[in-house]
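Take a look at the structure below.
Order of the sequence lines fixes the chain letters, A, B, ..., with proteins taken first and strands second; residue numbering starts at 1 for each chain. Bear in mind the structure is a predicted one, so any value in this text is a computation, not a measurement.
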Amino acid sequence: MAEIVLRQSPLDHLSLDARAVAEPGPAGVVAGERRFVAKVNLRGDPADEAFVKVAKGALKVFLPTTPNTVDGKRDRYALWLGPDEWLVIGAPGTEGRLVADLRKALDGIVAAVTDVTEGRTVIRLSGVHARETLAKGCGLDLHPRAFGRGRCAQTRLGKANVILHQLDDAPTFDVYVERSFADYLWRWIEDGASEYGFAIVAEPIMAALKARRATR
Amino acid sequence: MTAQSHRNPTGGRIDRARTLGFTFNGRYYEGHPGDTLASALLANGVHLVGRSFKYHRPRGIVGSGAEEPNALVQLGQGALTEPNVRATQAELHDGLAAASVNCWPGVRWDIGAINGLLGGLFPAGFYYKTFMWPARAWRAYEWFIRRAAGLGLAPREPDPERYDGTHAHCDVLVAGGGPAGLAAALAAGRAGGRVILADEQAEIGGSLLAGGGTIDGRPARAWLDDATAELAGMAEVRVLPRATVFGYYDHNYLGIAERLADHLPPAERAGRARQRVWKVRAGRVVLATGAIERPLVFDGNDRPGVMLATAAQAYANRWAVRVGDRAVVVTNNDSAYQTALDLSESGVAVALLADLRAEVPAALAQRLSRAGIEVAAGSAVVDAAGGTRVTSAEIRRLGADGTTLEGPARHVPCDVIAVSGGWSPAVHLFSQSGGRLRWDEAIAGFVPDISRQAEVSVGAARGTFDLAAALAEGARAGAAAAHAAGFGDGTATAPAANAREVIAPRPVWRVPSAGRGKAFVDIQNDVTAADIALAAREGYSAVEHLKRYTTTGMGTDQGKTSNVNALAILAHATGTAIPAVGTTTFRPPYTPVTFGALAGRTVGPLFDPARLTAMHPWHVQAGTRFEDVGQWKRPWYYPRGSETLHQAVARECRAVRTSLGIMDASTLGKIDIQGPDAAKLLDLVYTNAWGGLEVGRCRYGLMLKEDGMVFDDGVTARLGPQHFHMTTTTGGAARVMAWLEEWLQTERPHWRVYLTSVTTQWAVAAIAGPNARRLMAELCPNIALDAIDFPFMAWRDGTVAGIAARVFRVSFSGESAFEINVPSSQGMALWQALMTAGAKYDITPYGTEAMHVLRAEKGFVIVGQETDGTVTPGDLGMDWIVGKKKPDFVGRRGLARADCKRPDRKQLVGLLPQDPKEVLVEGAQIMADAAAPPPVPMEGHVTSSYWSATLSRSFALALLKGGRARHGQTVPVHAYGKTSWAQVTEPIFYDKEGEKLRG
Amino acid sequence: MLLIACPFCGPRDETEFRCGGESHIARPGPAETVSDERWGDYLFNRANPKGVHLERWLHGHGCGQWFNVARDTVSHRVLAVYRMGDPPPKDLTP
Amino acid sequence: MKYSLLGLIKGAGNHHKDWPAAWRQPEPKPAYDVVIIGGGGHGLATAYFLAKEHGVTNVAVVEKGWIGGGNTGRNTTIVRSNYLWDESAHLYEKSLKLWEGLSQELNFNTMFSQRGVMNLAHNLHDLRELNRRVSAIRLNGIDSEFLTTEQVKAFCPIINTAPTIRYPVLGASLQRRGGTARHDAVAWGFARAADRLGVDILQNCEVTGIRREGIRVTGVETTRGFIGARKIGSVAAGHSSVIAAMAGLRLPIESHPLQALVSEPVKPVLDTVVMSGAVHVYVSQSDKGELVIGAGIDAYNSYAQRGTLQVIEEQMAALIELFPMFSRMRLMRQWAGIVDVCPDASPIMARTPVEGFYINCGWGTGGFKATPGSGWVFAHTIAQDRPHELNAAFTLERFSSGALIDEHGAAAVAH
């Protein structure tokens, strides 16, 4: 797997892992990069039963038809992006299989399967002040009464286009950002969160923290 | 402490336990936490704070808050200095340093006061009538005028402080934390709604902080403390003190400016943002912005010591400050009676209260006489004598019609005149929201009439001055707003307060003059009643004309205390009713907002994103000079050692032509197109035909706008029968994507095509040069690379240096070239592998500049450089790409228009300067006649111009009238006074047959 | 900052959208049959009403969908939002 | 009564009681030779030049509100003539020449201040365009020069020319004869001068319809009754489409808001006009001391003269990028005007298919600078019933022939 070693995420040049902490402590905002998460863009007509059925079969995940919602399991889920568009998320390295399975299953059905894994990265943002940090640059109402766990939205954050996905009530958000904007957005988030106490954590810690919260 | 000569030992909402030292005009004073600069100065007996805008008359503190027209100071020093701060809004902190503005050498002795003596020469708009001779001299006159104008000094250093901005949403936004606003917030909060309560002062409470009164049978201040405590305990209620709602925009979007650190000494501000702008989307808005007291317009009404009655009262009650030793109160309404009582209670001897009304409120009058204060009914102050401080007031009886004076003059010695000319509801935000105003005779002021947005005004802001009524209105509005958002039943119980019966004010807009003094309407801009009369005489009788001609209401206070007086005096002068004169529209902001706060964090490194490619870190390491292309950072050239741009580019070009070059082409736009009708879409948006393109091949395409002008270009590859990969220009990616979606969704909705942007999915390294294929052969075992199996304009999948890659055989350089697309995360790995393996060929990274030279040698155009939105494919000599047989494509009809068929259109040509060493200026114009005097007829311009290392001579591309028919001609090219001659040629200078790029 | 209800994503700030100008403009054709005047009218002439304007918006920073908006160009009130291809609502009083 | 220093000294003696009305407030006559719709700078200038240059004095200017209340009184007062295409350059240069003698011509100080207009370049494309424009402008006999980054710094020391900022200043073009003027004074000066030549200025007189007989106009319906007219000139920027519709015409015009703002007044700190396309802001300092700052246009059609917050936020960020020292200055007032946006960013000053109906519109964001020139050529067009050579290209027909005068590429920031 030589080339895997050689893969670089768009934030590697900031050497976040070197600055990462094992225990975020009192930090109001904890953030880190989720590298190489599999992302597959799926287009098709939700009114076309064949499409929905086949896609579900191939993904083992329902394609949400309720706007701005997410459906699926921990390591495989689909984000609603538009009336005929979804972003399918999978564990790192699974994009090839995902694309192949979908293309095979959808053969003969009008749909589009596109691997966008490399085009975007994910910044995970968590903590009691995560919401305020996002609100500094996002016009969406992120209040629990308006936006909550399992919700997603394509919107603007600072001057970058992003997809927001709220995973839990910590709250924890996954921010999907176009790779070329990742450097800007990270700096923007770190600057905005600094007043709340900001800690960087590496992916394993991120997962652990999330699990810990889940058990609470 | 004793230094504070006019501070009472008890009372007020200040913390006497701590003493704060500050300086004003270099002199040291002391005050306490809770003080504003104004209250602290008055506590030290300082009234004289500045000089006026035009006549440089001595000026004092008039108000106690946002309405202050006079007391503007330069706050802080060095990089932290700030001009024109209202002393009444500047919270005192230890070490605060302030100075008067607009006076030299000092506020006591000011050279500009000379203007006062020449005052007669400076009526309203005098500058429109003079300074016209001689014509050229205006800049000289202007030099003096500019230095006379302006108030404070702009900082001279970059601002060291940070600012912040944020979005917020709520069911109910309450603007103003006075009694009505508090009642509204409580009602809405109790119902469970999401509430934001914003108040401009450091402490919530508004008029309750300064006034007395009882609520629910207890002192109002006690009720206030409970109310704020309750609000603080509500999870969904956010209370923002030091936060001014400054703007009310469309769709209930409001701006709030919050001051986070201005009240702290600079040392304690470190790390935190100084100010924050809240952008609030509110379900409902409750405007509880209160009312602003009006001054009376009488001679000498601008002398230091003449102040608004409420201000005098606030200084006494809230700050325990005696505004003077001996006061005269003059009013045309009831409110100032309480002021007189409070003043005398605070230890100010109140000589007399003059009430313009013949009929005075009996109960109040009695309380005054019990306190030993004379009430002079039907009387007014007609002149205030004094210099840097008022020394006496001239009292006269008013005639029945208010325009004449009766009886003898009384001169009452005093050092303070507290004035109340009635109240103007603060309708600024309501007016900004688009609401319409109505003139209310009863209160002699404008009140909200017709709403345009989901808001309601309550309390004094709508002319309800009675405490009980204001509380009730607030509570009702808060409950209703919450209910509208789905919380509570819409009802609320208002706290009880003792109501008062009110005798209507007597508006006397211009107190008759006893002499020849100046009576000021706009104190900041030195606009007098006489100026307004003059404007009316000269026909500037529309209220907007009045404002602009006299500048009344145009100062930093935007006329908060002066607008209504000015209107009324204008109405009087023109013999019209006030409603007929109308009012001016209130513009945001309510009070001035710091530029930095509006910019927030969008400054410095966060001003605009820099888009980076996967190989960017390598370029940085290599010492690349970057070029900004849109938001992208693209390598411009790679200087070695001390190389100049020219030297580096020559070397990079030579490398590509003779051996091997490598370029980061990742920024090109890439769109994945899938669906049964994909080819149809390409046929529509490109000028050429796409149906016949085989899988495995690619083709160059031009996109036009409907007017036939070139809009973008790029190479598109067929990945499958229903699957294409389109590339666009770097700058055009987003534009083209939106363009395609627009055609699909709005014009061809039945077509089954899906578009996905994959611009950043792929990192692209382009290798070009005679050795490109050799290098590929080493790194790419699984693609047959010879020209037959992998011809020009084809693509193949395979691996390069072990990385899964899609390779395009396209060339923008004219050399045999391969564009290697790999997943972005492996772009760096690919680049490094190519650099290492290519070393034997001295592989040379080249930037956009070299790329431009190489493509120009081949006559390849760059959209945006050879084109500017006025160029057709024909102009570029690219008719070959315009499908003659195609029934339709975007731009086809546009091309058929008369003007697009003119034979003398500007057409792309090559230029060879007569001096082969001379590189023409890009943008240089081609003259029709080198000898012609200006205006010289021009026939085109140089679009691209370079030194060619390959041709070892200069060359250029140009657009030239009828150029294609003029090959061989020599034309004069002009730029910056220099005319050069160049020969017109075919726009291709290298490998005309294209053997190299096909080979 | 207008608040525009994307028919797909719901209410969003104006800055997420791009205004595409007047809606319901039919593209004339086939090209041969269209006069220069007719073409110029299609390309450039606009109703530009003071009052209700039927216009196209793109939710460019959201779902990427085009849709129609009926908006009062004086008060900026949004009177209706409807999908591409749908006819404008009947009763549109500002 | 002539305006002069002497007059002011006399006036000082008697409280300036003798200054007469700057213009009469007459009742409408039943009919005029020419009715100009729109009492802005362009309309008043047209009336003035009709009377002065063409002897047509039986003229009325009808204004729905108060004169100068539209874009004349809402713009950022920049005057320049550095346009790319010959047609534009000659038109705006004619205007600039008129500006240079306008105060004396009108005996009203328009405070035309030739403090220079500088257009900054922030990338290589800007530089290329800038060279192209400067070369063309100079060959057209108009002053324009190129400034290096160092020369920019020398000419305006407070600009941040550090190479480290996001979009560094790579150079600039400078037109020294460009500058600013007092916008209200332009309207008032033309009104006063036109009035003295017999022109009736009718305020609070809104046009509600245009009466025609066949294809020929006969007058205008107004809120002050019908007013007959042999010729009608529409100079109603912002509302051009509305007026044209009354005459049964469709125009290639959209009405969009253009925002502007001023800071609190401060002592002199900026003595030129700075414009930046890439960073997108333009700024100058008024004689009163306010920084006058402009933005681009909002993307949607609008007839509301209201500003928005997001545009101002962007303006401030851009301003601070170029002038970090302005960060602690304060916004005092913001507003918007309604401008005619024309597809090729050039105006229309021409006859129309309706006989006797002439239109002057489409100035987009740049109309103020053209005020005297626009009035001058439009007066000629109306009086002679044919365009002057200076406006011969600015026709309606160009939108079907395709002979546009596309100033987009070069227009940089709107203004």
Check Asp899(B) with Arg398(D), please: is the shortest side-chain N to carboxylate O separation under 4.0 Å?
no
For a side-chain hydrogen bond (donor to acceptor under 3.5 Å, both in side chains) check, start with the C-alpha distance between Tyr127(B) and Arg182(D), then their side-chain angles and the critical distance, and finish with the verdict.
CA-CA 11 Å; Tyr127(B) 30 74; Arg182(D) 175 86 184 100; over 6 Å; no
Counting only heavy atoms closer than 4.5 Å, note whether Leu404(D) contacts chain B via side chain, backbone, both or neither.
neither
So, the part of Ala542(B) with a heavy atom under 4.5 Å from chain D: the answer is side chain
Using 0.5 Å steps for rounding, measure from the NZ atom of Lys17(D) to the CZ atom of Arg537(B).
5.5 Å
Which answer fits Tyr141(B), side chain, backbone, both or neither, if we ask what part of it has an atom under 4.5 Å from a heavy atom of chain D?
neither
Please report the C-alpha distance between Glu161(B) and Arg328(D) in whole Å, then the side-chain angles of each, then the deciding distance to 0.1 Å, and finally whether the side-chain contact (heavy atoms from CB on, under 4.5 Å) criterion is met.
CA-CA 9 Å; Glu161(B) 298 199 84; Arg328(D) 296 176 86 83; 2.8 Å; yes
Going from CD on Glu129(D) to NE2 on His941(B), what distance comes out if it is rounded to the nearest 0.5 angstrom?
6.5 Å
Residue from Thr943(B), Asp868(B), Val942(B) passing side chain to side chain contact (heavy atoms under 4.5 Å, CB included) with Arg132(D):
Asp868(B)
Given heavy-atom pairs under 4.5 angstrom as the criterion, report whether the side chain, backbone, both or neither of Leu270(D) touches chain B.
backbone
Over 12 non-hydrogen atoms of neighbours within 6.0 angstrom of CZ in Arg452(B):
no
Output yes when a side-chain donor or acceptor of Asn123(D) lies under 3.5 Å from a complementary backbone atom of Glu627(B), and no otherwise.
no
Side-chain heavy atoms of Asn131(D) within contact of Tyr976(B), under 4.5 Å:
yes
Measure distances from Ile67(D) to the heavy atoms of chain B and classify the residue's part below 4.5 Å as side chain, backbone, both or neither.
both
Residue pair Ser113(D) / Arg139(B), side-chain donor-acceptor N/O under 3.5 Å
yes
Answer yes or no: is there a side-chain heavy-atom contact under 4.5 Å between Thr130(B) and Asn109(D)?
no
Under 4.5 Å from a heavy atom of chain B, the part of Glu313(D) involved
both
Check whether any side-chain heavy atom of Ile293(D) sits under 4.5 Å from a side-chain heavy atom of Phe595(B), and report yes or no.
yes
What part of Ser286(D) gets within 4.5 angstrom of chain B, counting heavy atoms only: side chain, backbone, both, or neither?
backbone
Is there a side-chain contact between Phe607(B) and Val279(D) (heavy atoms, below 4.5 Å)?
yes
Chain B heavy atoms under 4.5 Å from Asn107(D): which part of the residue, side chain, backbone, both or neither?
both
Region of Ala536(B) that comes under 4.5 Å of a non-hydrogen atom in chain D
neither
Taking the side chain as C-beta and beyond, is there a heavy-atom pair between Met111(D) and Glu142(B) under 4.5 Å?
no
Test: Asp184(D) and Lys547(B) ion pair at under 4.0 Å:
no
Is the shortest side-chain heavy-atom distance between Gln305(D) and Thr585(B) below 4.5 Å?
no
Which bit of Ser263(D) is near chain B, if near means a heavy-atom gap under 4.5 Å: side chain, backbone, both or neither?
both
Atom group of Glu321(D) that falls short of 4.5 Å from chain B, counting heavy atoms:
side chain
Is any side-chain heavy atom of Asp271(D) closer than 4.5 Å to one of Arg146(B)?
yes
Counting only non-hydrogen atoms closer than 4.5 Å, does Val973(B) touch chain D with its backbone (N, CA, C, O), its side chain (CB onward), both, or neither?
neither
With Asp707(B), which residues qualify under salt bridge (Lys or Arg N to Asp or Glu O under 4.0 Å), at least two apart?
none
With only heavy atoms counted, which part of Pro20(D) is less than 4.5 Å from chain B, the side chain, the backbone, both or neither?
backbone
With a 4.5 angstrom heavy-atom cut-off, could you sort out which part of Glu93(D) is near chain B: side chain, backbone, both or neither?
neither
Examine whether an atom of Pro168(D) lies under 4.5 Å from a heavy atom of chain B, and if so say whether it belongs to the side chain, the backbone or both; otherwise answer neither.
side chain
Under 4.5 Å to a heavy atom of chain B? For Leu127(D) that would be neither
His545(B) versus Gln203(D): any side-chain heavy-atom pair under 4.5 Å?
yes
Quick check for you: to the nearest 0.5 Å, what is the distance between Met132(B) atom CE and Lys2(D) atom NZ?
6.5 Å
Pick whichever of Ile165(D), Val134(D), Asp86(D) has the most heavy-atom pairs under 4.5 Å with chain B.
Val134(D)
